[in-house]
Amino acid sequence: MENVKERIIGAVTVMGIEEANQLWDFIESKYNGWANIEEIEPDEWDLKMLEDIKKDPDCLSF
């Protein structure tokens, strides 16, 4: 995963619910909802994470 994505995930993990809601509102306003976000096929890393989730829904580390 790219370093900036790891930093974003880390920041979201430690922020409170109010800050998380503000970030979510920003994302939705930036992209006018999810309709304008380009869909891409999952790569090998994404597929591994999805498989781990299927095996253990309580798994929080990837």
Side-chain angles (χ1 to χ4, degrees):
M1 186 178 314
E2 295 175 21
N3 188 28
V4 69
K5 290 182 180 181
E6 290 176 5
R7 293 191 338 242
I8 290 169
I9 291 170
V12 170
T13 300
V14 299
M15 69 176 51
I17 190 68
E18 185 174 326
E19 291 87 4
N21 282 326
Q22 290 173 350
L23 178 59
W24 185 253
D25 291 342
F26 170 77
I27 291 169
E28 285 194 319
S29 69
K30 171 84 173 146
Y31 294 102
N32 298 318
W34 293 105
N36 296 329
I37 297 177
E38 175 187 359
E39 269 192 58
I40 60 171
E41 291 296 317
D43 63 12
E44 183 178 324
W45 181 258
D46 296 328
L47 294 172
K48 169 92 172 84
M49 287 192 306
L50 292 170
E51 187 61 32
D52 289 345
I53 291 167
K54 286 179 187 174
K55 290 178 184 174
D56 181 7
D58 295 325
C59 179
L60 299 176
S61 62
F62 303 101

- Main-chain N/O of Glu18 paired with Asn21 side-chain donor or acceptor, under 3.5 Å: no

- Task: Please confirm whether the backbone N or O of Gly16 pairs with a side-chain atom of Glu19, one donor and one acceptor, at under 3.5 Å?
- Result: yes

- Under 4.5 Å between side-chain heavy atoms, hopping through other hydrophobics if needed: is there a path connecting Ile40 to Leu50? no

Find the distance between [atom1] ([X]) and [atom2] ([Y]) and round it off to the nearest 0.5 Å.
X: Asp43; Y: Met49; atom1: CG; atom2: CE; result: 8.0 Å
X: Glu51; Y: Asp56; atom1: CD; atom2: CG; result: 12.0 Å
X: Gln22; Y: Ile17; atom1: CD; atom2: CD1; result: 11.0 Å
X: Glu41; Y: Leu47; atom1: CD; atom2: CG; result: 9.0 Å

- Query: Shortest non-hydrogen contact from Ile9 to Thr13?
  - Reply: O-OG1, 2.7 Å

